[in-house]
Amino acid sequence: MKKRYLFMLLIIVAMILSACGDSTSKSNNKDNGGGEKTLVFGRGADSIQLDPSKVTDGESIYVTNQIYDTLVRYVEENTEVKPALATEWNVTDDGLVWTFQLRDDVKFHDGTDFTAEDVVYNFERWTTSAEFTYYGYMFGASEDDMGGIIEKVEATGDYEVQITLSEPNAPFLQTLAMPPFGIASPDAIEEHGDNYFKNPIGTGPFVFKEWVPDDSITLTKNEDYFGEVAKIDKVIFRVIPDNGARFMELQAGTIDIMEGLNPQDIATAEGDDALQIIRRPSMNVSYMAMNMDKGGPMSDKLVRQAINMAINKDELIALYEGVGKEAKNPIPPSLWGFNDDIEPYAYDVEKAKALLAEAGYADGFDITLHTFSNPRPYMPQPKLAAQAIAEMLKEVNINVEITESDWDTHLATVENGEHDMAFLGWTGDNGDPDNFLYVLLDKDNATVGSAGNIAFYKSDEVHDILKAAQVEMDQDKRTELYLKVQEIIHEDAPWVPIAHTTPPLAAKSSVVDFVPHPTGSEPFNLLDIKK
């Protein structure tokens with residue numbers, strides 16, 4: 001009775017706080033005399049910024065995906081591409097010159113016309129920015145060569161763009177569909193300068209309205225959208241850090257849909273006729289990276305292998321309560337090129353101790369493990385996972401100090417290489433193994449300050465294979481290269497791969513036509529709310 005009373009009291013408090021603290025959510029699913037439909041999306045953390053080219057985190061991309069369009073976009077169910085701002089395209093036989101025909105009926109949210117020159121402007125911005133952009137990860141750009149493999153982008157007509165590459169790039173078209181390559185308004189960029197990241201202007205189905213940091217982001221329907229005009233009038237992304245509190249708000253009706261569901265709440269949602277569970281197709285991985293750049297124990301392969309052996313994966317996967325399966329490779333088994341012949345490191349405390357002794361660490365050592373505080377689709381309970389690993393490593397005399405940070409702080413810490421060990425994860429962007437293996441484990445992306453490779457793993461052999469795979473257009477040959485590179489990475493053990501998940505979202509039953517995308521975010525113009 002006491003638990004039931006406390007539960008009901010918490011729901012009431014959540015409803016009161018929501019009503020007081022977020023006046024925009026009062027209109028949720030209400031007519032307000034005009035039939036307005038508002039979707040309130042509950043999530044665990046705020047966006048970092050809303051310039052899509054400069055973010056890699058899902059909290060930012062989920063919002064930018066509604067504001068911007070790319071040249072091509074993914075179909076609703078997978079990572080096949082279809083037209084978007086470009087209506088058709090062709091590539092020369094050598095794979096070097098891509099020509100895109102553009103729509104001639106598109107306007108940016110600021111009222112300016114979209115033309116080929118705007119595409120050229122965006123590419124030039126991505127390749128000349130003083131700040132890191134996602135462009136660098138995908139096209140091999142560096143401080144010495146900001147363009148990477150893209151040699152030239154030119155407007156060959158008012159609505160035609162030609163992109164010339166220095167070498168073939170197998171995933172090029174799929175890459176252009178990724179949210180970081182959303183086309184932004186040049187006028188808005190020039191007007192807002194350094195503050196553009198909080199004043200985003202694209203051509204997408206929703207228009208940016210307001211951002212209250214650490215609270216909410218509000219978007220409104222783009223009535224003049226060239227594609228399918230949204231059925232809902234407004235989207236509010238609300239920050240509710242605690243999983244349980246977020247679920248109670250869903251039960252109370254103050255939000256419409258949420259991610260970061262505690263696994264133990266799935267059955268509750270499934271048993272409630274007012275709610276539904278929506279399962280996102282799996283294309284992700286969670287992992288613990290060991291920073292090989294700081295010297296000390298983590299620079300020794302035997303230590304990294306020992307840590308893999310000292311961790312009981314079965315106990316970790318139990319924390320996922322049915323929504324995760326053990327990972328043994330950096331890419332998920334849903335991707336082509338997955339090496340199923342690799343045997344994961346077996347849980348063996350005695351062998352782990354023997355390897356540590358061989359490496360000169362028989363008495364163990366002290367080390368820190370950095371984790372994020374908010375849930376992620378690939379790791380719903382990061383703090384519990386960190387505590388579990390700390391207890392396991394204690395068995396081999398490794399004393400772990402856990403450092404827990406908010407999402408923004410955690411990303412800055414690991415990208416700057418300030419950690420010994422750290423949790424992170426990845427949801428695939430384009431359905432290509434390159435998007436996992438090159439972005440997360442190639443030496444090109446182990447740059448302090450902008451690292452995607454937070455293990456700072458710098459294998460020349462892995463680099464050569466991954467670069468060869470990028471220019472190989474035969475998928476069977478690419479597969480062989482990726483099978484080989486996973487063997488090398490497994491032996492070098494820069495990570496402890498943890499899990500691949502089928503992330504559950506919970507929503508009101510009134511939310512219809514919501515199709516979860518394996519990349520981790522989907523446009524909201526296709527869904528509806530039943531009255």
- Message: Please verify the inter-ring angle class for Phe338 with His500; under 30° counts as parallel, over 60° as perpendicular, anything in between as tilted.
- Response: perpendicular
Can you tell if the side chain of [X] reaches within under 4.5 Å of the side chain of [Y], non-hydrogen atoms only?
{"X": "Gln381", "Y": "Pro263", "value": "yes"}
{"X": "Ile389", "Y": "Val400", "value": "no"}
{"X": "Pro494", "Y": "Met290", "value": "no"}

- CG of Leu505 to CZ of Arg279, rounded to nearest 0.5 Å, is 10.5 Å
Are any of the side-chain nitrogens in [X] or [Y] under 4.0 Å away from the carboxylate oxygens of its partner?
{"X": "Lys467", "Y": "Asp442", "answer": "no"}
{"X": "Arg304", "Y": "Asp492", "answer": "no"}
{"X": "Glu491", "Y": "Lys301", "answer": "yes"}

- Message: Given the ring of Trp336, does Arg478 sit roughly above its face, with NZ or CZ under 6.0 Å from the centre of the six-membered ring and within 45° of the axis?
- Response: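 Ring-cation test returns no.
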- How close do Pro333 and Lys325 get, heavy atom to heavy atom, and via which atoms?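 Closest pair (atom of Pro333, atom of Lys325, distance): CG-NZ, 4.3 Å.
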- Can the ring centroids of Phe181 and Trp126 be said to lie less than 6.0 angstrom from one another?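 Here the rings of Trp126 and Phe181 have centres that are less than 6.0 Å from each other.
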- Item | Sequence neighbours excluded, every pair satisfying ring pair (Phe, Tyr, Trp, His ring centres under 6.0 Å) that has a member inside residues 45-88 |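 Pairs touching residues 45-88 that pass the test: Phe41-Tyr62, Tyr62-Phe524, Tyr74-His517.
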- Listed partners of Ala267 passing side chain to side chain contact (heavy atoms under 4.5 Å, CB included), at least two apart: none
- Phe172: partners by ring-ring contact (aromatic ring centres under 6.0 Å, His included), with sequence neighbours left out: Trp98, Phe139
